[in-house]
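For the numbers below, each heavy atom of this structure counts, side chains included, while hydrogens, waters and symmetry mates do not. Order of the sequence lines sets the chain letters (A, B, ...), proteins ahead of strands, with each chain counted from 1.
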Protein chains: 2
Amino acid sequence: MDSEDDSPLGYDAFRRTCPSHTVLEMLASKWVYLTVCALRRGRLRNGELARKMEGITPKMLTQTLRVLERDGLVRREVFPVIPPRVEYELTELGQNLAGLLSQIRSWAEEHAPEIKEARGRASADHDEMAAS
Amino acid sequence: MDSEDDSPLGYDAFRRTCPSHTVLEMLASKWVYLTVCALRRGRLRNGELARKMEGITPKMLTQTLRVLERDGLVRREVFPVIPPRVEYELTELGQNLAGLLSQIRSWAEEHAPEIKEARGRASADHDEMAAS
DNA sequence: ATATATAGGCACCTTATGGATAGTGAAGAC
DNA sequence: GTCTTCACTATCCATAAGGTGCCTATATAT
């Protein structure tokens with residue numbers, strides 16, 4: 001094991017042209033994180049997701065769901081009724097990912113105080129520079 | 001366990017005003033992922049990081065490192081020599097996160113083929129719609 | 001004398017993204 | 001009629017991301 005942090009089969013997210021790089025790019029979104037976490041417990045309707053994710057606009061919600069659907073992480077089911085009813089649920093692949101993403105979410109929640117403190121120190125340092 | 005996917009102590013990344021939400025926002029960046037993964041094995045210099053992360057511009061690299069430093073994930077050490085020498089390494093908090101992030105990276109590398117296939121299907125469907 | 005390497009800072013510009021606002025259609029409540 | 005709900009779609013605008021080029025300092029190599 002020389003410098004093998006590398007992938008099992010030639011995939012390397014550090015390379016711009018590697019498919020895994022674009023996957024990482026897709027995952028690098030606040031709303032993707034939250035949407036996948038929200039769907040982890042089961043299928044939800046558009047409106048339920050919107051209420052759960054404070055601050056998301058309908059546009060971003062739809063956009064995020066379309067990306068997740070395109071990439072095979074989310075399944076979309078339309079009921080042809082009026083008023084419309086659409087449900088979203090994670091695919092197996094999505095479930096698989098959800099475990100990891102909710103670990104990140106938990107990490108963020110656990111370490112938020114530390115990071116807030118670090119940010120405080122950083123801006124204090126910055127102010128002190130400005131005062132000199 | 002009713003609906004306890006929630007945080008241990010009142011932190012909830014789904015709430016816009018929660019500190020953990022801004023932490024998630026900070027983590028939701030391709031370059032943050034890769035930088036933390038790159039530093040996982042030990043300290044690296046700016047140029048080494050730049051060479052490792054294909055496609056990153058000096059500006060984005062610096063920007064990313066400044067954010068990570070501000071949030072207490074990365075430590076920056078300057079050697080007052082000429083030519084300049086600066087090294088970056090993960091703090092303990094950063095190490096802690098690096099484990100999770102490199103799991104995500106591995107996931108991306110492992111599942112890249114599936115996702116590529118899903119994207120292919122999606123665009124095929126799209127084309128077929130356009131052809132009708 | 002000239003060039004190189006190093007780790008940036010700074011200013012400018014273009015493009016992509018996020019987010020806000022308004023609109024659509026059809027059923028049912030009032 | 002008018003209003004609401006639902007799951008969107010379309011449009012605009014402000015902000016952010018990202019790219020480019022030029023600048024700094026000096027020891028070392030040519």
Side-chain angles (χ1 to χ4, degrees), chain A residues 14 16-17 21-22 24-35 38-39 43-71 74-89 122 125-126 129-130 132, chain B residues 13-17 21-22 24-35 38-39 43-71 74-89 122 126 129-130:
Chain A
F14 283 108
R16 208 176 13 188
T17 54
H21 185 96
T22 71
L24 214 61
E25 223 165 347
M26 179 271 292
L27 295 179
S29 150
K30 172 173 77 167
W31 298 125
V32 164
Y33 271 96
L34 292 176
T35 303
L39 287 173
R43 44 170 55 205
L44 289 175
R45 302 181 60 178
N46 184 306
E48 293 169 325
L49 283 166
R51 276 184 291 278
K52 183 144 191 166
M53 286 186 273
E54 197 182 275
I56 196 170
T57 59
K59 179 191 164 183
M60 284 310 299
L61 179 55
T62 299
Q63 205 174 96
T64 304
L65 287 167
R66 291 291 171 281
V67 168
L68 291 173
E69 194 192 355
R70 180 201 63 184
D71 287 359
V74 159
R75 195 174 301 114
R76 179 170 184 261
E77 190 173 359
V78 183
F79 299 84
V81 296
I82 302 257
R85 176 183 186 87
V86 179
E87 289 183 358
Y88 296 93
E89 65 175 340
D125 291 357
H126 187 276
M129 296 284 281
S132 66
Chain B
F14 283 108
R15 299 199 164 273
R16 206 175 18 190
T17 55
H21 185 96
T22 72
L24 215 62
E25 222 165 348
M26 179 271 292
L27 294 179
S29 149
K30 172 174 75 166
W31 298 124
V32 165
Y33 270 100
L34 291 176
T35 303
L39 288 173
R43 46 170 52 206
L44 289 175
R45 301 181 60 179
N46 183 303
E48 294 169 328
L49 284 166
R51 277 183 290 277
K52 182 145 190 163
M53 285 186 274
E54 198 183 276
I56 195 169
T57 59
K59 181 187 164 185
M60 284 312 297
L61 178 55
T62 299
Q63 206 174 97
T64 304
L65 287 167
R66 292 291 170 279
V67 167
L68 291 174
E69 195 193 354
R70 181 201 64 185
D71 287 359
V74 158
R75 195 175 301 114
R76 179 171 185 261
E77 190 173 359
V78 182
F79 299 85
V81 296
I82 301 260
R85 175 185 186 86
V86 180
E87 289 184 358
Y88 296 93
E89 66 175 340
H126 187 275
M129 296 285 281

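Taking both residues in full, the closest heavy atoms of A:Leu27 and B:Tyr33 are given as O-OH, 4.2 Å, listed atom of the first, atom of the second, then distance. Residues A:Phe14 and B:Leu34 approach most closely at CE2-O, 3.4 Å, considering heavy atoms.
At most 12 heavy atoms of other shown residues, nucleotides or ligands fall within 6.0 angstrom of atom CZ in B:Arg15.
Side-chain N/O atoms of A:Arg45 include one lying less than 4.0 angstrom from OP1 or OP2 on D:dA7. In this structure, A:Arg85 does not reach the D:dA7 phosphate: none of its side-chain N or O atoms is under 4.0 Å from OP1 or OP2.
Atom P of nucleotide C:dG9 and atom CG of B:Leu61 are separated by 11 Å, given to the nearest angstrom. At whole-Å resolution of the value, CD1 in B:Ile56 and P in C:dA7 are 14 Å apart. To the nearest angstrom, P of D:dA7 lies 11 Å from CG of A:Leu44. Rounding to whole angstrom units, CD of residue B:Glu87 and P of C:dT6 are separated by 13 Å.
In this view, A:Arg76 satisfies the salt bridge (charged side-chain N to carboxylate O under 4.0 Å, His left out) rule with no residue, not counting sequence neighbours. Partners of A:Arg85 according to the side-chain hydrogen bond (donor to acceptor under 3.5 Å, both in side chains) rule, which considers only residues two or more places apart in sequence or in another chain, are A:Glu87. Contacts of B:Arg75 classified as salt bridge (charged side-chain N to carboxylate O under 4.0 Å, His left out), with partners at least two apart in sequence or in another chain: B:Glu89.
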With the sugar-phosphate defined as primed atoms, P, OP1 and OP2, and the base as all remaining atoms, what B/S/- string results for nucleotides 21-30 of chain D, 5' to 3', for protein heavy atoms under 4.0 Å? -----BS---
Can you give one letter per nucleotide of nucleotides 8-18 of chain D, going 5' to 3': B for a protein heavy atom under 4.0 Å from the base, S for sugar-phosphate only, - for none? SS-BB-----B
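With rounding to the nearest 0.5 angstrom, the CZ atom of A:Arg70 is 7.0 Å from the CE atom of A:Met26.
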Check: residues 56-68 of chain B side-chain donor-acceptor pairs under 3.5 Å, at least two apart:
{"unit_1": "B:Thr57", "atom_1": "OG1", "unit_2": "B:Met60", "atom_2": "N", "d": "3.3"}
{"unit_1": "B:Thr62", "atom_1": "OG1", "unit_2": "B:Pro58", "atom_2": "O", "d": "3.1"}
{"unit_1": "B:Thr64", "atom_1": "OG1", "unit_2": "B:Met60", "atom_2": "O", "d": "2.7"}

